[in-house]
Amino acid sequence: MAFPVTRLRRLRRTDQLRNMVRETRLTPDAFVYPMFVCPGEGVRREVRSMPGVFNLSVDEAVKEAQQVHSLGLPSVILFGLPERKDDVATGAWAEDGIVQQAARAIRSEVPDLLLMGDVCLCEYMSHGHCGIVKTSGPKSLGAAATEIANAASIAAVRNPADKEKAFEKLAALATRVAKPQFEIDNDASLALLARTSVSLARAGIDVIAPSDMMDGRVAAIRRALDEAGLTNTPILSYAAKFASGFYGPFREAADSTPQFGDRRSYQMDGANVREAMREIELDIEEGADMIMVKPAMPYLDVIAAARDRFDLPLAAYQVSGEFAMIEAAARNGWIERDRVMMESLVSIRRAGASIILTYYAKDAARLLG
(Lines give C-alpha, C1' and ligand atoms only; values in the text may rest on other atoms or scores of the structure.)
Protein backbone atom coordinates (compact mmCIF):
# COMPACT_ATOMS: atom_id res chain seq x y z
CA MET A 1 0.00 0.00 0.00
CA ALA A 2 1.15 3.54 -0.67
CA PHE A 3 1.79 6.48 1.61
CA PRO A 4 0.41 7.43 4.12
CA VAL A 5 -0.45 3.83 5.13
CA THR A 6 3.04 2.64 4.19
CA ARG A 7 5.82 4.59 5.87
CA LEU A 8 9.23 2.99 5.42
CA ARG A 9 10.74 5.38 7.95
CA ARG A 10 8.94 3.48 10.74
CA LEU A 11 11.66 0.83 10.61
CA ARG A 12 14.51 3.36 10.64
CA ARG A 13 13.50 5.18 13.80
CA THR A 14 15.91 3.61 16.32
CA ASP A 15 19.19 1.70 16.36
CA GLN A 16 17.36 -1.40 17.57
CA LEU A 17 14.83 -1.31 14.72
CA ARG A 18 17.49 -0.64 12.10
CA ASN A 19 19.56 -3.54 13.40
CA MET A 20 16.58 -5.90 13.45
CA VAL A 21 15.69 -5.36 9.79
CA ARG A 22 19.23 -5.02 8.44
CA GLU A 23 19.61 -7.11 5.28
CA THR A 24 23.39 -7.23 4.97
CA ARG A 25 25.63 -8.04 7.92
CA LEU A 26 29.37 -8.04 8.40
CA THR A 27 31.17 -10.43 10.69
CA PRO A 28 34.92 -10.79 11.31
CA ASP A 29 34.90 -14.32 9.95
CA ALA A 30 34.26 -12.89 6.46
CA PHE A 31 37.63 -11.11 6.38
CA VAL A 32 41.09 -12.09 5.15
CA TYR A 33 44.00 -9.87 6.20
CA PRO A 34 46.84 -9.33 3.68
CA MET A 35 50.41 -9.41 5.03
CA PHE A 36 53.73 -8.55 3.36
CA VAL A 37 56.71 -10.61 4.53
CA CYS A 38 60.29 -9.45 3.99
CA PRO A 39 63.81 -10.64 4.90
CA GLY A 40 65.49 -9.70 8.17
CA GLU A 41 64.67 -9.79 11.84
CA GLY A 42 62.69 -7.30 13.89
CA VAL A 43 61.59 -5.49 10.71
CA ARG A 44 58.32 -3.57 10.88
CA ARG A 45 58.51 -0.99 8.10
CA GLU A 46 55.40 1.05 7.33
CA VAL A 47 54.37 1.32 3.69
CA ARG A 48 54.43 5.03 2.86
CA SER A 49 51.20 5.03 0.85
CA MET A 50 49.34 2.65 3.17
CA PRO A 51 49.26 3.98 6.75
CA GLY A 52 49.12 1.16 9.28
CA VAL A 53 50.29 -1.49 6.79
CA PHE A 54 53.80 -2.85 7.19
CA ASN A 55 56.50 -4.92 5.57
CA LEU A 56 57.20 -7.53 8.24
CA SER A 57 60.11 -9.87 8.86
CA VAL A 58 59.10 -13.45 9.68
CA ASP A 59 59.28 -12.94 13.46
CA GLU A 60 57.11 -9.82 13.22
CA ALA A 61 54.72 -11.60 10.86
CA VAL A 62 54.19 -14.24 13.54
CA LYS A 63 53.28 -11.51 16.04
CA GLU A 64 50.91 -9.94 13.52
CA ALA A 65 49.29 -13.31 12.87
CA GLN A 66 48.77 -13.80 16.59
CA GLN A 67 47.02 -10.44 16.82
CA VAL A 68 44.88 -11.24 13.77
CA HIS A 69 43.78 -14.51 15.36
CA SER A 70 43.03 -12.86 18.69
CA LEU A 71 40.60 -10.50 16.93
CA GLY A 72 38.57 -13.41 15.63
CA LEU A 73 39.79 -13.14 12.05
CA PRO A 74 40.02 -16.55 10.40
CA SER A 75 42.68 -16.01 7.77
CA VAL A 76 45.62 -14.10 6.34
CA ILE A 77 47.00 -14.04 2.82
CA LEU A 78 50.78 -13.83 2.50
CA PHE A 79 52.80 -11.86 -0.06
CA GLY A 80 56.58 -12.08 -0.20
CA LEU A 81 59.44 -9.67 -0.77
CA PRO A 82 62.44 -11.86 -1.63
CA GLU A 83 66.03 -11.05 -0.78
CA ARG A 84 66.94 -11.37 -4.47
CA LYS A 85 65.01 -11.30 -7.73
CA ASP A 86 65.80 -13.04 -11.02
CA ASP A 87 64.23 -13.91 -14.37
CA VAL A 88 62.74 -17.23 -13.24
CA ALA A 89 61.19 -16.11 -9.91
CA THR A 90 63.35 -18.45 -7.82
CA GLY A 91 62.20 -16.83 -4.59
CA ALA A 92 58.60 -17.80 -5.31
CA TRP A 93 59.15 -21.55 -5.43
CA ALA A 94 62.34 -22.08 -3.38
CA GLU A 95 61.84 -24.24 -0.30
CA ASP A 96 63.44 -21.52 1.81
CA GLY A 97 61.50 -18.72 0.09
CA ILE A 98 60.30 -15.89 2.29
CA VAL A 99 56.62 -16.91 2.22
CA GLN A 100 57.55 -20.54 2.84
CA GLN A 101 59.54 -19.46 5.90
CA ALA A 102 56.65 -17.32 7.16
CA ALA A 103 54.11 -20.08 6.59
CA ARG A 104 56.09 -22.59 8.65
CA ALA A 105 56.65 -20.10 11.46
CA ILE A 106 53.01 -18.98 11.61
CA ARG A 107 51.74 -22.55 11.35
CA SER A 108 53.90 -23.45 14.34
CA GLU A 109 52.77 -20.55 16.54
CA VAL A 110 49.19 -19.95 15.35
CA PRO A 111 48.03 -23.38 14.14
CA ASP A 112 44.34 -22.47 13.89
CA LEU A 113 44.87 -19.54 11.51
CA LEU A 114 43.96 -20.30 7.89
CA LEU A 115 46.89 -19.41 5.64
CA MET A 116 46.37 -18.31 2.06
CA GLY A 117 49.30 -17.95 -0.30
CA ASP A 118 49.19 -15.51 -3.19
CA VAL A 119 50.68 -17.23 -6.22
CA CYS A 120 52.14 -14.71 -8.61
CA LEU A 121 55.64 -14.14 -9.90
CA CYS A 122 55.79 -10.35 -10.12
CA GLU A 123 57.35 -9.80 -6.67
CA TYR A 124 60.10 -12.31 -7.50
CA MET A 125 60.90 -11.39 -11.10
CA SER A 126 63.66 -8.88 -11.81
CA HIS A 127 61.41 -7.25 -14.42
CA GLY A 128 58.28 -7.11 -12.24
CA HIS A 129 55.93 -8.97 -14.57
CA CYS A 130 53.71 -11.91 -13.61
CA GLY A 131 55.30 -14.43 -15.94
CA ILE A 132 58.35 -15.31 -17.98
CA VAL A 133 59.26 -12.57 -20.43
CA LYS A 134 60.00 -13.54 -24.02
CA THR A 135 62.04 -10.99 -25.93
CA SER A 136 61.98 -10.60 -29.69
CA GLY A 137 65.09 -8.68 -30.61
CA PRO A 138 65.36 -5.70 -32.95
CA LYS A 139 65.14 -6.16 -36.68
CA SER A 140 68.27 -7.36 -38.39
CA LEU A 141 70.77 -4.65 -39.16
CA GLY A 142 70.22 -5.26 -42.88
CA ALA A 143 66.45 -4.76 -42.62
CA ALA A 144 66.91 -1.72 -40.40
CA ALA A 145 69.44 -0.21 -42.81
CA THR A 146 67.09 -0.73 -45.75
CA GLU A 147 64.18 1.02 -43.99
CA ILE A 148 66.39 3.90 -42.92
CA ALA A 149 67.89 4.25 -46.40
CA ASN A 150 64.41 4.36 -47.93
CA ALA A 151 63.34 7.06 -45.50
CA ALA A 152 66.53 9.03 -46.19
CA SER A 153 66.02 8.84 -49.95
CA ILE A 154 62.51 10.25 -49.53
CA ALA A 155 63.93 13.10 -47.46
CA ALA A 156 66.49 13.92 -50.14
CA VAL A 157 63.95 14.80 -52.82
CA ARG A 158 61.47 16.90 -50.83
CA ASN A 159 61.27 20.59 -50.13
CA PRO A 160 62.79 21.85 -46.85
CA ALA A 161 59.57 21.60 -44.84
CA ASP A 162 58.91 18.05 -46.03
CA LYS A 163 62.55 17.14 -45.48
CA GLU A 164 62.33 18.17 -41.83
CA LYS A 165 59.23 16.00 -41.31
CA ALA A 166 60.92 13.10 -43.07
CA PHE A 167 63.96 13.31 -40.86
CA GLU A 168 61.73 13.29 -37.78
CA LYS A 169 60.15 10.15 -39.14
CA LEU A 170 63.63 8.77 -39.82
CA ALA A 171 64.67 9.32 -36.20
CA ALA A 172 61.51 7.62 -34.92
CA LEU A 173 62.06 4.72 -37.29
CA ALA A 174 65.63 4.24 -36.14
CA THR A 175 64.45 4.07 -32.52
CA ARG A 176 61.66 1.64 -33.35
CA VAL A 177 63.70 -0.84 -35.34
CA ALA A 178 66.36 -0.98 -32.63
CA LYS A 179 63.95 -1.45 -29.72
CA PRO A 180 63.32 -5.03 -28.54
CA GLN A 181 59.74 -6.22 -28.14
CA PHE A 182 58.58 -7.96 -24.97
CA GLU A 183 55.85 -10.54 -24.47
CA ILE A 184 54.75 -12.51 -21.42
CA ASP A 185 55.13 -16.20 -22.32
CA ASN A 186 51.89 -17.66 -21.01
CA ASP A 187 52.57 -21.38 -21.35
CA ALA A 188 56.16 -21.25 -20.13
CA SER A 189 54.98 -19.42 -17.01
CA LEU A 190 52.54 -22.16 -16.01
CA ALA A 191 55.28 -24.51 -14.84
CA LEU A 192 56.65 -21.89 -12.43
CA LEU A 193 53.20 -21.10 -11.07
CA ALA A 194 52.52 -24.79 -10.49
CA ARG A 195 55.91 -25.32 -8.85
CA THR A 196 55.30 -22.32 -6.58
CA SER A 197 51.91 -23.67 -5.55
CA VAL A 198 53.28 -27.05 -4.57
CA SER A 199 56.12 -25.45 -2.62
CA LEU A 200 53.72 -23.20 -0.70
CA ALA A 201 51.32 -26.02 0.10
CA ARG A 202 54.14 -28.19 1.40
CA ALA A 203 55.27 -25.30 3.62
CA GLY A 204 51.86 -25.13 5.30
CA ILE A 205 49.75 -22.85 3.11
CA ASP A 206 46.12 -24.00 3.32
CA VAL A 207 44.68 -22.21 0.27
CA ILE A 208 46.48 -21.51 -3.00
CA ALA A 209 45.42 -18.19 -4.55
CA PRO A 210 46.80 -17.62 -8.08
CA SER A 211 46.65 -13.96 -9.11
CA ASP A 212 48.78 -13.95 -12.27
CA MET A 213 45.96 -14.16 -14.86
CA MET A 214 47.81 -16.55 -17.17
CA ASP A 215 45.45 -18.66 -19.26
CA GLY A 216 45.27 -22.25 -17.99
CA ARG A 217 47.02 -21.67 -14.68
CA VAL A 218 44.26 -23.14 -12.51
CA ALA A 219 44.38 -26.44 -14.41
CA ALA A 220 48.20 -26.51 -14.24
CA ILE A 221 48.17 -25.82 -10.50
CA ARG A 222 45.43 -28.35 -9.80
CA ARG A 223 47.29 -31.02 -11.72
CA ALA A 224 50.58 -30.28 -9.92
CA LEU A 225 48.97 -30.28 -6.48
CA ASP A 226 47.23 -33.58 -7.16
CA GLU A 227 50.40 -35.20 -8.50
CA ALA A 228 52.20 -34.08 -5.33
CA GLY A 229 49.57 -35.75 -3.13
CA LEU A 230 48.05 -32.40 -2.14
CA THR A 231 44.56 -33.20 -3.39
CA ASN A 232 42.89 -31.53 -0.40
CA THR A 233 44.50 -28.14 -1.00
CA PRO A 234 41.84 -25.79 -2.43
CA ILE A 235 42.39 -23.11 -5.05
CA LEU A 236 40.98 -19.60 -4.66
CA SER A 237 41.38 -18.18 -8.13
CA TYR A 238 41.72 -14.47 -8.81
CA ALA A 239 39.36 -15.30 -11.66
CA ALA A 240 38.43 -11.77 -12.71
CA LYS A 241 41.43 -9.57 -11.96
CA PHE A 242 41.29 -6.28 -13.80
CA ALA A 243 44.17 -4.15 -15.08
CA SER A 244 43.50 -1.39 -12.59
CA GLY A 245 44.98 1.91 -11.51
CA PHE A 246 44.04 1.03 -7.94
CA TYR A 247 47.08 -1.23 -7.41
CA GLY A 248 49.70 1.50 -7.00
CA PRO A 249 50.21 1.35 -3.22
CA PHE A 250 50.42 -2.47 -3.34
CA ARG A 251 53.22 -2.26 -5.87
CA GLU A 252 55.11 -0.06 -3.44
CA ALA A 253 54.45 -2.50 -0.59
CA ALA A 254 55.44 -5.56 -2.62
CA ASP A 255 58.13 -3.87 -4.76
CA SER A 256 56.43 -5.29 -7.85
CA THR A 257 56.14 -2.42 -10.32
CA PRO A 258 56.85 -3.62 -13.89
CA GLN A 259 60.18 -2.34 -15.18
CA PHE A 260 58.73 -1.89 -18.67
CA GLY A 261 55.28 -1.89 -20.23
CA ASP A 262 52.21 -2.75 -18.19
CA ARG A 263 49.99 -5.73 -17.40
CA ARG A 264 47.12 -5.02 -19.76
CA SER A 265 48.00 -7.93 -22.05
CA TYR A 266 47.11 -10.42 -19.31
CA GLN A 267 44.97 -8.67 -16.69
CA MET A 268 41.38 -7.89 -17.71
CA ASP A 269 40.06 -4.79 -19.44
CA GLY A 270 37.94 -2.91 -16.92
CA ALA A 271 35.19 -2.33 -19.48
CA ASN A 272 34.33 -6.03 -19.91
CA VAL A 273 31.86 -7.73 -17.60
CA ARG A 274 30.85 -10.49 -20.02
CA GLU A 275 34.48 -11.44 -20.49
CA ALA A 276 34.82 -11.57 -16.70
CA MET A 277 32.06 -14.20 -16.60
CA ARG A 278 33.97 -16.22 -19.21
CA GLU A 279 37.17 -15.97 -17.16
CA ILE A 280 35.36 -17.18 -14.05
CA GLU A 281 33.62 -20.00 -15.89
CA LEU A 282 36.90 -21.24 -17.38
CA ASP A 283 38.62 -21.22 -13.98
CA ILE A 284 35.76 -23.23 -12.49
CA GLU A 285 36.04 -25.75 -15.33
CA GLU A 286 39.78 -26.02 -14.62
CA GLY A 287 39.21 -26.84 -10.96
CA ALA A 288 38.90 -23.63 -8.94
CA ASP A 289 37.20 -24.21 -5.58
CA MET A 290 36.58 -20.50 -4.91
CA ILE A 291 36.60 -17.44 -7.14
CA MET A 292 37.60 -13.81 -6.66
CA VAL A 293 36.95 -10.42 -8.23
CA LYS A 294 39.67 -7.77 -7.88
CA PRO A 295 39.42 -4.81 -7.26
CA ALA A 296 36.19 -4.69 -5.27
CA MET A 297 34.41 -1.33 -5.13
CA PRO A 298 35.02 -0.23 -8.76
CA TYR A 299 33.69 -3.65 -9.83
CA LEU A 300 30.67 -4.21 -7.58
CA ASP A 301 28.60 -4.95 -10.68
CA VAL A 302 30.98 -7.76 -11.60
CA ILE A 303 30.73 -9.18 -8.07
CA ALA A 304 26.92 -9.07 -8.29
CA ALA A 305 26.91 -10.69 -11.73
CA ALA A 306 29.25 -13.46 -10.53
CA ARG A 307 27.07 -14.07 -7.48
CA ASP A 308 23.97 -14.42 -9.64
CA ARG A 309 25.62 -16.78 -12.10
CA PHE A 310 27.96 -19.02 -10.06
CA ASP A 311 27.45 -21.08 -6.90
CA LEU A 312 31.06 -21.24 -5.69
CA PRO A 313 32.23 -19.24 -2.67
CA LEU A 314 32.91 -15.72 -3.93
CA ALA A 315 35.68 -13.44 -2.66
CA ALA A 316 36.49 -9.82 -3.44
CA TYR A 317 39.71 -7.92 -2.78
CA GLN A 318 39.40 -4.36 -1.45
CA VAL A 319 42.73 -3.36 -2.91
CA SER A 320 45.44 -0.98 -1.79
CA GLY A 321 44.20 2.00 -3.78
CA GLU A 322 40.74 1.71 -2.25
CA PHE A 323 42.30 1.61 1.21
CA ALA A 324 44.70 4.49 0.49
CA MET A 325 41.96 6.78 -0.81
CA ILE A 326 39.87 6.35 2.33
CA GLU A 327 42.90 6.91 4.54
CA ALA A 328 43.97 10.02 2.66
CA ALA A 329 40.50 11.57 2.71
CA ALA A 330 40.11 10.79 6.41
CA ARG A 331 43.48 12.33 7.26
CA ASN A 332 42.40 15.51 5.46
CA GLY A 333 39.21 15.60 7.53
CA TRP A 334 36.99 15.16 4.49
CA ILE A 335 35.24 11.96 5.67
CA GLU A 336 34.60 9.97 8.84
CA ARG A 337 37.16 7.20 8.52
CA ASP A 338 35.45 4.39 10.44
CA ARG A 339 32.03 5.11 8.99
CA VAL A 340 33.29 5.13 5.41
CA MET A 341 35.45 2.06 6.06
CA MET A 342 32.45 0.06 7.25
CA GLU A 343 30.20 1.41 4.49
CA SER A 344 32.70 0.31 1.87
CA LEU A 345 32.88 -3.19 3.34
CA VAL A 346 29.09 -3.47 3.55
CA SER A 347 28.84 -2.49 -0.12
CA ILE A 348 31.18 -5.36 -1.09
CA ARG A 349 29.24 -7.82 1.05
CA ARG A 350 25.91 -6.53 -0.28
CA ALA A 351 27.09 -7.04 -3.87
CA GLY A 352 27.50 -10.73 -3.07
CA ALA A 353 31.03 -11.42 -1.80
CA SER A 354 31.06 -13.73 1.22
CA ILE A 355 34.85 -13.40 1.63
CA ILE A 356 36.53 -9.98 1.69
CA LEU A 357 40.28 -9.50 1.50
CA THR A 358 40.92 -6.13 3.09
CA TYR A 359 43.62 -4.13 4.85
CA TYR A 360 40.82 -2.98 7.16
CA ALA A 361 40.22 -6.48 8.52
CA LYS A 362 41.70 -5.76 11.95
CA ASP A 363 40.05 -2.37 12.38
CA ALA A 364 36.67 -3.65 11.20
CA ALA A 365 36.89 -6.65 13.52
CA ARG A 366 37.50 -4.35 16.47
CA LEU A 367 34.43 -2.28 15.62
CA LEU A 368 32.28 -5.33 15.04
CA GLY A 369 33.48 -6.90 18.28
Side-chain angles (χ1 to χ4, degrees), residues 24-37 47 50 52-54 56 61-80 99 102-103 106-107 110-120 123 197 200-201 203-211 233-241 246-247 249-250 253-254 288-297 299-300 303 306-307 312-323 326 341-342 344-369:
T24 303
R25 297 182 184 274
L26 288 174
T27 58
D29 54 15
F31 300 140
V32 177
Y33 184 61
M35 290 170 50
F36 300 95
V37 189
V47 179
M50 300 176 70
V53 176
F54 300 87
L56 304 164
V62 170
K63 296 176 186 176
E64 191 84 352
Q66 290 169 331
Q67 183 187 52
V68 165
H69 186 253
S70 72
L71 290 168
L73 296 168
S75 180
V76 299
I77 184 165
L78 300 179
F79 300 89
V99 172
I106 295 171
R107 173 66 60 233
V110 199
D112 294 332
L113 191 64
L114 187 74
L115 301 182
M116 295 186 180
D118 177 82
V119 175
C120 196
E123 301 107 301
S197 300
L200 292 175
I205 292 294
D206 298 296
V207 178
I208 296 299
S211 64
T233 301
I235 297 173
L236 166 59
S237 172
Y238 289 64
K241 180 179 179 181
F246 285 87
Y247 300 147
F250 175 94
D289 301 283
M290 298 177 279
I291 53 178
M292 188 194 302
V293 175
K294 178 183 180 182
M297 286 185 64
Y299 297 92
L300 294 177
I303 297 171
R307 180 69 294 150
L312 273 66
L314 174 60
Y317 199 143
Q318 185 184 46
V319 300
S320 60
E322 299 172 64
F323 171 88
I326 293 173
M341 170 184 73
M342 298 304 286
S344 69
L345 295 171
V346 166
S347 76
I348 298 166
R349 180 70 186 89
R350 188 184 64 243
S354 56
I355 304 164
I356 303 175
L357 288 75
T358 175
Y359 303 96
Y360 281 127
K362 294 191 300 179
D363 290 343
R366 291 187 184 101
L367 289 177
L368 292 168

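Just so it is clear, the values below take in all heavy atoms, side chains as well, and ignore hydrogens, waters and symmetry mates.
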Asker: Give the minimum heavy-atom separation between L113 and P74, together with the two atoms involved.
Answerer: CD1-O, 3.6 Å
Asker: Can you give me the closest heavy-atom contact between A316 and I348, atom names plus distance?
Answerer: CB-CG2, 3.7 Å
Asker: Holding to salt bridge (Lys or Arg N to Asp or Glu O under 4.0 Å), I want the full list of residues that pass it with R107, two or more places apart in sequence or in another chain.
Answerer: D206
Asker: Could you pull out all residues at least two apart from A315 that satisfy side-chain contact (heavy atoms from CB on, under 4.5 Å)?
Answerer: L236, M292, I355, L357
Asker: Measure across G72 and P28 and return the closest heavy-atom pair with its distance rounded to 0.1 Å.
Answerer: O-CB, 3.9 Å
Asker: If you compare all heavy atoms of A253 against all heavy atoms of M50, which two are closest, and at what distance to 0.1 Å?
Answerer: CB-SD, 4.3 Å
Asker: Apply side-chain contact (heavy atoms from CB on, under 4.5 Å) to the pair V207 and L115, showing each step before the final yes or no.
Answerer: CA-CA 6 Å; V207 178; L115 301 182; over 6 Å; no
Asker: Return the NZ to OH distance between K241 and Y299, rounded to the nearest 0.5 Å.
Answerer: 12.0 Å
Asker: Kindly give the heavy-atom pair with the smallest separation between I205 and G117, and that separation in Å.
Answerer: CG2-N, 3.4 Å
Asker: Run the side-chain contact (heavy atoms from CB on, under 4.5 Å) test against F54 and tell me which residues pass, sequence neighbours left out.
Answerer: R44, E46, L56
Asker: Please assess V319 against F250 for the test side-chain contact (heavy atoms from CB on, under 4.5 Å), listing each intermediate value before the final yes or no.
Answerer: CA-CA 8 Å; V319 300; F250 175 94; over 6 Å; no
Asker: Under the side-chain contact (heavy atoms from CB on, under 4.5 Å) test, which residues partner T233, sequence neighbours left out?
Answerer: A201, I208, L225, L230
Asker: Would you give the length of the straight line joining atom CZ of F31 to atom CG of L73, rounded to the nearest 0.5 angstrom?
Answerer: 7.5 Å
Asker: To the nearest 0.5 Å, what is the distance between CG on L345 and CD1 on I356?
Answerer: 5.5 Å
Asker: Compile the donor-acceptor pairs under 3.5 Å between side chains in residues 359-369 and protein atoms, sequence neighbours left out, one pair per line.
Answerer:
residue	atom	partner	partner atom	Å
Y359	OH	Y317	OH	2.8
Y360	OH	E327	OE2	2.7
K362	NZ	E64	OE2	2.7
K362	NZ	Q67	OE1	2.9
D363	OD1	R366	NH1	3.0
D363	OD2	R337	NH2	2.6

Asker: Please report the C-alpha distance between Q318 and S344 in whole Å, then the side-chain angles of each, then the deciding distance to 0.1 Å, and finally whether the side-chain hydrogen bond (donor to acceptor under 3.5 Å, both in side chains) criterion is met.
Answerer: CA-CA 9 Å; Q318 185 184 46; S344 69; 2.9 Å; yes
Asker: State, to 0.1 Å, how close S320 and F246 come at their nearest heavy-atom pair, and which atoms those are.
Answerer: OG-O, 3.4 Å
Asker: From Y33 OH over to L78 CG, what is the distance, rounded to the nearest 0.5 angstrom?
Answerer: 11.5 Å
Asker: Compare all side-chain heavy atoms of C120 with those of F79 and state whether any distance is below 4.5 angstrom.
Answerer: no
Asker: Working to the nearest 0.5 Å, report the span between CD1 of I303 and CZ of R350.
Answerer: 10.5 Å
Asker: Side chain of S75, backbone of L114: donor and acceptor closer than 3.5 Å?
Answerer: yes
Asker: Nearest 0.5 Å, please: how far is CE in M342 from CZ in R349?
Answerer: 13.0 Å
Asker: Within the 4.5 Å heavy-atom criterion, are V47 and P249 side-chain neighbours or not?
Answerer: no
Asker: Got a sec, which residues hit side-chain contact (heavy atoms from CB on, under 4.5 Å) with A240, two or more places apart in sequence or on another chain?
Answerer: F242, M268, A276, I280, V293
